[in-house]
Number of protein chains: 2
Amino acid sequence: MKIEAHEVERRVETFKAAVQEAGLKLTHQRLEVFRELASSADHPDAHGIYDSVKHRLPTVSLDTVYRTLRTLSDLGLINMLGTAGESIRFDANTRKHHHFVCVNCGLVRDFENEELSALQVQEDLVGFGRVLETQIEVRGICNDCRNKS
Amino acid sequence: MKIEAHEVERRVETFKAAVQEAGLKLTHQRLEVFRELASSADHPDAHGIYDSVKHRLPTVSLDTVYRTLRTLSDLGLINMLGTAGESIRFDANTRKHHHFVCVNCGLVRDFENEELSALQVQEDLVGFGRVLETQIEVRGICNDCRNKS
DNA sequence: CTCCTAATTAAGAATCATTCTGATTTAGGG
DNA sequence: CCCTAAATCAGAATGATTCTTAATTAGGAG
Ligand SMILES: [Mn+2]
Ligand SMILES: [Mn+2]
Ligand SMILES: [Zn+2]
Ligand SMILES: [Zn+2]
């Protein structure tokens with residue numbers, strides 16, 4: 001599942017600016033890793049990104065992919081998604097959004113909803129801490145999995 | 001953070017019934033692993049449970065803890081929580097509830113809210129699949145972490 | 001443009017979480 | 001009290017991620 005080209009380019013420009021701003025070097029590896037993730041709506045893991053990037057940079061190492069993804073996460077350019085048992089998955093969509101997760105095959109898809117994103121839950125959490133963000137995870141069975149069973 | 005004794009015993013009774021029902025053996029190991037998790041509000045990982053259970057069953061193996069937790073999850077008696085990069089965490093609270101997660105130290109706490117639990121998101125997800133459940137994750141900074149910084 | 005150097009990378013070793021294997025033990029039915 | 005399938009234990013294996021070290025390179029200075 002691909003992201004539209006102009007959105008990818010917007011993300012890449014943001015990435016380049018952030019790399020400059022942070023005083024980091026703009027390497028082929030960083031550019032290709034980020035572009036690969038920014039082009040995908042699939043929330044891939046490090047190994048999936050590695051496989052794709054290797055088509056364009058055949059000598060790239062898996063370690064560099066991991067290191068780059070961590071760097072990008074530290075810069076706030078991408079997010080890391082927790083999964084129970086599976087490998088970490090990454091997300092270059094930095095807009096406020098939510099996730100549909102297929103409990104059968106692990107597919108993850110974004111959705112946006114103003115009403116949900118506007119939810120206020122602060123009052124319920126007095127005693128735990130300060131709220132930074134609220135995200136909704138919808139679990140279900142994706143259409144592909146449903147058709148197969 | 002402990003769960004009240006009568007709630008723990010209620011959970012243990014449910015566990016015993018489910019183990020019988022499934023035709024599984026009620027071993028010391030299974031009982032102690034379940035009781036340890038059912039007594040905690042901390043959403044511990046397998047190693048944390050192992051360390052605690054070892055006080056009462058000094059010869060228990062880490063493998064048995066992992067195997068037991070997977071069995072309990074298959075029975076629907078506990079849930080596994082995805083975390084980005086850290087080890088899997090477990091939850092014996094099977095009521096519909098949501099989570100506050102400290103982005104600094106990883107603390108996870110339950111909260112319930114009827115309004116949030118009643119959320120209907122189906123209409124937004126036409127095209128992805130069939131919705132089974134909706135859970136909210138609130139990220140923030142817990143009070144302990146806030147006081148330290 | 002060339003040179004320099006600190007930052008970055010590649011490769012493989014190391015580490016950590018989790019699962020598997022095979023021999024031993026045990027729950028619970030008869 | 002036996003028997004046996006199920007469960008456990010210990011340690012090896014696997015898979016994901018990080019670390020170490022030597023080689024490479026981006027980008028600034030001259
Ligand atoms: Mn996303
Ligand atoms: Mn919980
Ligand atoms: Zn699916
Ligand atoms: Zn905290």
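In the text below, chain A, chain B and the rest are named by the order of the sequence lines, each starting its count at 1.
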Chemist: Salt-bridge test for A:Lys54 and A:Glu32: reply yes if a basic N is under 4.0 Å from a carboxylate O, no otherwise.
Modeler: no

Chemist: One character per nucleotide, please: for nucleotides 18-30 of chain D, 5' to 3', B when the base has a protein heavy atom closer than 4.0 Å, S when only the sugar-phosphate does, - otherwise.
Modeler: BB------BS---

Chemist: Tell me the interatomic distance from A:Tyr50, atom OH, to C:dG12, atom P, rounded to whole angstroms.
Modeler: 10 Å

Chemist: Just N and O in the side chain of B:Thr59: are any of them under 4.0 Å from OP1 or OP2 of D:dC9?
Modeler: yes

Chemist: Report whether B:Leu75 and B:Leu69 are members of the same hydrophobic cluster (ILVMFWY, side-chain heavy atoms less than 4.5 Å apart, transitive linking).
Modeler: yes

Chemist: Does a side-chain N or O from A:Ser61 land closer than 4.0 Å to OP1 or OP2 of C:dA10, or not?
Modeler: yes

Chemist: Rounding to a whole Å, what distance do you find between B:Glu32:CD and D:dA7:P?
Modeler: 18 Å

Chemist: Is A:Arg70 atom CZ crowded by more than 12 heavy atoms from other residues, nucleotides or ligands, each under 6.0 Å away?
Modeler: no

Chemist: Is any NZ, NE, NH1 or NH2 atom of the basic residue among A:Glu13 and A:Arg10 found under 4.0 Å from an Asp or Glu carboxylate oxygen of the other?
Modeler: no

Chemist: List for me each residue that meets ring pair (Phe, Tyr, Trp, His ring centres under 6.0 Å) alongside A:His97, sequence neighbours excluded, and say none if there are none.
Modeler: A:His99

Chemist: Is it true that atom CZ of A:Arg56 has more than 12 heavy atoms of other residues, nucleotides or ligands lying nearer than 6.0 Å?
Modeler: yes

Chemist: Can we say A:Lys148 and A:Asp144 salt-bridge, meaning some charged N sits less than 4.0 Å from an Asp/Glu carboxylate O?
Modeler: no

Chemist: Output the rounded distance in Å from CD (B:Glu86) to P (C:dA17).
Modeler: 11 Å

Chemist: Can you confirm whether B:Arg130 is buried at CZ, in the sense that more than 12 heavy atoms of other residues, nucleotides or ligands lie under 6.0 Å from that atom?
Modeler: no

Chemist: Each nucleotide N or O in nucleotides 22-25 of chain C that has a protein N or O under 3.5 Å away: list the pair and distance.
Modeler:
none

Chemist: Calculate the interatomic distance between B:His47 atom NE2 and C:dT19 atom P; express it in whole Å.
Modeler: 14 Å

